[in-house]
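These numbers come from a predicted model, not from an experiment.
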Amino acid sequence: FKTAVSLEETGKVQIVALDKTGTITAGTPKVTDVVAEGEVSEENLLELAYALECKSEHPLAGAIVEYAREKGVKETEVSDFEILPGNGLKAKFEGDNLVGGSLKYIKGQVTVSEAMETQAEALAMQGKTPLFFTKGDKLLGMITVADVMKPDSKEAITQLQNMGIRVVMITGDNQQTAEAIGKQAGIDSVIAGVLPSGKEKEIRNLQKKGKVIMVGDGIND
């Protein structure tokens with residue numbers, strides 16, 4: 001604490017808003033499922049996902065890069081790499097756009113079969129984050145990544161609640177994944193699918209209901 005006032009104000013807190021990745025969870029996610037679409041091979045899906053994700057510093061990207069290297073997937077170069085804040089990643093490969101991102105974002109780019117969407121929702125309900133990949137106008141498939149909860153998160157959340165503090169989780173993850181993690185951690189309420197630019201708005205909404213502390217480990221927080 002830099003000032004006595006800060007310490008005093010902290011004692012009046014009514015709501016604690018927690019980021020998920022790296023705060024409630026350990027921030028070291030692992031690949032759990034690789035689901036290729038149609039005639040696309042798992043190897044091809046992994047190769048192109050690896051080429052895209054190795055350019056990113058996000059923890060979910062790191063999980064895919066680590067998994068691909070363990071599997072001995074060959075390195076493929078892409079160009080015009082671009083981060084799509086809150087949505088995913090984009091680059092050029094063999095003249096086509098190579099895109100990786102959330103189901104919600106990818107559905108706006110290409111057709112996702114009902115079977116693939118149902119499978120993604122089922123995996124999300126297990127606390128896994130499905131990431132989808134496309135090349136041109138074709139869906140390559142999805143790779144799911146899961147992050148484990150920190151061993152002391154549930155206890156810390158319970159202690160806050162015992163002090164009469166409401167605990168809220170704010171995350172860019174999809175609703176099903178967020179709710180699965182929130183349930184494990186004993187969170188009071190979950191705000192999911194929030195873009196980086198939308199976190200401030202959500203905090204301002206919470207401030208209408210009481211004094212808020214936001215806890216996170218990322219630049220967006």
So which atom in [X] and which in [Y] form the shortest heavy-atom distance, rounded to 0.1 Å?
X: T171; Y: A178; value: CG2-CB, 3.6 Å
X: V99; Y: L52; value: C-CD2, 3.6 Å
X: F132; Y: A120; value: CZ-CB, 3.6 Å
X: I106; Y: G101; value: CG1-O, 3.8 Å
X: Q126; Y: A180; value: C-CB, 4.2 Å
X: P29; Y: V145; value: CB-CG1, 3.2 Å

When rounded to the nearest 0.5 angstrom, what is the spacing between [atom1] in [X] and [atom2] in [Y]?
X: L48; Y: T76; atom1: CG; atom2: OG1; value: 6.5 Å
X: Y50; Y: I143; atom1: OH; atom2: CD1; value: 12.5 Å
X: K90; Y: F81; atom1: NZ; atom2: CZ; value: 12.0 Å
X: Q14; Y: I213; atom1: CD; atom2: CD1; value: 11.5 Å
X: S189; Y: M169; atom1: OG; atom2: CE; value: 9.5 Å
X: L123; Y: T129; atom1: CG; atom2: OG1; value: 10.5 Å

Does any non-hydrogen side-chain atom of [Y] lie less than 4.5 Å from one of [X]?
X: I181; Y: V190; answer: no
X: E179; Y: M125; answer: no
X: L89; Y: I83; answer: yes
X: L103; Y: V112; answer: yes
X: K138; Y: V40; answer: yes

K92 and its side-chain contact (heavy atoms from CB on, under 4.5 Å) partner, picked from L98, V78, N97:
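Single pass found, and it is N97.
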Same cluster or not: [X] versus [Y], using hydrophobic residues (I, L, V, M, F, W, Y) connected whenever any side-chain heavy atoms lie under 4.5 Å apart?
X: I165; Y: I187; answer: yes
X: V31; Y: L140; answer: yes
X: L131; Y: L84; answer: no

Any salt bridge linking E77 with K55? Criterion: basic side-chain nitrogen under 4.0 Å from a carboxylate oxygen.
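Salt bridge: yes.
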Before accepting this row, confirm whether a basic side-chain N of the pair D96/K135 lies closer than 4.0 Å to the acidic partner's carboxylate O.
yes
Under 3.5 Å, side chain of [X] to main-chain N/O of [Y], donor-acceptor pair present?
X: D147; Y: G27; result: yes
X: T177; Y: D173; result: no
X: S153; Y: M149; result: no
X: S56; Y: E53; result: no
X: T25; Y: K20; result: yes
X: Q161; Y: G186; result: yes
X: T10; Y: S6; result: yes

Take D217 and D19, measure what side chain to side chain contact (heavy atoms under 4.5 Å, CB included) needs, and give me the verdict at the end.
CA-CA 8 Å; D217 72 334; D19 181 44; 3.9 Å; yes
What's the verdict on salt bridge (charged side-chain N to carboxylate O under 4.0 Å, His left out) for K199 and E202, showing C-alpha distance, side-chain angles and the deciding distance?
CA-CA 5 Å; K199 280 188 176 179; E202 296 298 342; over 6 Å; no
What residues, two or more places apart in sequence or in another chain, satisfy side chain to side chain donor-acceptor pair (under 3.5 Å) together with E200?
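Only R204 meet the side chain to side chain donor-acceptor pair (under 3.5 Å) criterion with E200.
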Going by side-chain heavy atoms closer than 4.5 Å, which hydrophobic residues are tied to V194, directly or by a chain of links?
I15, V168, I170, I191, I203, L206, V212, M214
Would I64 and L60 count as a side chain to side chain contact (heavy atoms under 4.5 Å, CB included) if you check the C-alpha gap in whole Å, the side-chain angles of each, and the deciding distance to 0.1 Å?
CA-CA 7 Å; I64 291 175; L60 298 184; over 6 Å; no
Which is it for M142 and Q119 under the side chain to side chain contact (heavy atoms under 4.5 Å, CB included) test, yes or no, and what are the steps along the way?
CA-CA 10 Å; M142 72 171 167; Q119 191 173 359; 3.9 Å; yes
Report, as yes or no, whether the 6.0 Å neighbourhood of atom CG on N162 holds more than 12 heavy atoms from other residues, nucleotides or ligands.
yes
Would the number of heavy atoms belonging to other residues, nucleotides or ligands and lying under 6.0 Å from CD of E57 be above 12?
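For E57, atom CD is not crowded (no more than 12 foreign heavy atoms under 6.0 Å).
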Salt bridge (charged side-chain N to carboxylate O under 4.0 Å, His left out) pairs, two or more places apart, involving residues 30-43:
K30-E66, D33-K128
Go through the steps for L18 and I157 under the test side chain to side chain contact (heavy atoms under 4.5 Å, CB included), then give the verdict.
CA-CA 10 Å; L18 302 172; I157 288 161; 4.0 Å; yes
